[in-house]
Amino acid sequence: MQTLKKQQGVTGIGWLIILGLIAFFVLIGLRLFPIYIEKFSVVSSLESLKNEPQVTKKPKAEILRLITNRFQINDVKNATRKDITITQRGGVLTVSVKYDVKTKLFGPLSLIAEFDESVEVIGN
């Protein structure tokens, strides 16, 4: 009569599958990290408008210049002038930035992230 041994641990193939999954998610994280760092730079550029004196009374071209200068300082490459929308209604300035970022994952696969950030500045 044969006795059954108690099996313990993970097989070599099991370890390969686990390590492959970990590597896949690390790769996705490494590809998305710079995109989200840039997103936070866009948000901080927009939020800095709240500290700008008399920004609600400035013309749209001046506000656009302020934002694009901040984008250059913060090394924002994916959000451009055409992605910025500025609206002024009754002392409230709304600045929106809507842009997409596409990055290669591997081979023919890519990741696409869509961002839509906005800030409202209330005039004095």
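Computed from a predicted model, the values in this text were never measured in an experiment.
- L64 approaches I86 most closely through the heavy-atom pair N-CD1, 3.8 Å.
- A 4.5 Å side-chain heavy-atom check between I84 and T68 finds at least one atom pair inside the cut-off.
- Each of I73 and F40 belongs to its own hydrophobic cluster when Ile, Leu, Val, Met, Phe, Trp and Tyr are linked at side-chain heavy-atom distances under 4.5 angstrom.
- Taking CH2 of W15 as the reference point, atom CD1 of I17 lies at 12.5 Å (rounded to 0.5 Å).
- Salt-bridge formation is not detected for the pair D100/K102: no Lys NZ or Arg NE/NH1/NH2 atom is positioned less than 4.0 Å from an Asp or Glu carboxylate oxygen.
- Among all heavy-atom pairs drawn from V121 and T56, the shortest one is O-CG2, 3.5 Å.
- Rounding to the nearest 0.5 angstrom, the gap separating the CG atom in L105 from the CG atom in L32 is 8.5 Å.
- Looking only at side-chain heavy atoms (C-beta outward), V92 and Q88 stay at 4.5 Å or farther from each other.
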Stepwise salt bridge (Lys or Arg N to Asp or Glu O under 4.0 Å) test for D75 and K77: CA-CA 6 Å; D75 197 33; K77 303 242 188 280; 2.6 Å; yes
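- Here ring-ring contact (aromatic ring centres under 6.0 Å, His included) pairs that include residues 74-109, with residues two or more places apart or in two chains, are Y99-F115.
- In this structure, L49 CG and I67 CD1 are separated by 5.0 Å, a value rounded to the nearest 0.5 Å.
- When side chains are defined from C-beta on, E120 does not count as touching L93, because their heavy atoms never get closer than 4.5 Å.
- Side chains of T94 and V119 form no contact here, defined as non-hydrogen atoms less than 4.5 Å apart.
- A 6.0 Å sphere centred on CG of L109 holds more than 12 heavy atoms belonging to other residues, nucleotides or ligands.
- Residues V55 and V97 share a hydrophobic cluster, clusters being chains of Ile/Leu/Val/Met/Phe/Trp/Tyr side chains in contact below 4.5 Å.
- Taking CG of L46 as the start and CD of E117 as the end, the distance is 7.5 Å to the nearest 0.5 Å.
- Here F33 sits in one hydrophobic cluster together with I37; the rule is ILVMFWY side chains under 4.5 Å apart, joined directly or through other members.
- Residues F71 and T80 are not in side-chain contact: their nearest non-hydrogen atoms beyond the backbone lie 4.5 Å or more apart.
- Here side-chain hydrogen bond (donor to acceptor under 3.5 Å, both in side chains) pairs that include residues 24-53, with residues two or more places apart or in two chains, are E38-N78, S45-N74, E47-K50, S48-R70, E52-K58, E52-R70.
- In this structure, I112 and V101 have side chains that are not in contact, with every pair of non-hydrogen atoms separated by 4.5 Å or more.
- In terms of hydrophobic clustering, with Ile, Leu, Val, Met, Phe, Trp and Tyr side chains grouped at heavy-atom distances under 4.5 Å, F24 and L111 are assigned to a common cluster.
- Distance OG/S96 to CG/D83: 11.5 Å, rounded to 0.5 Å.
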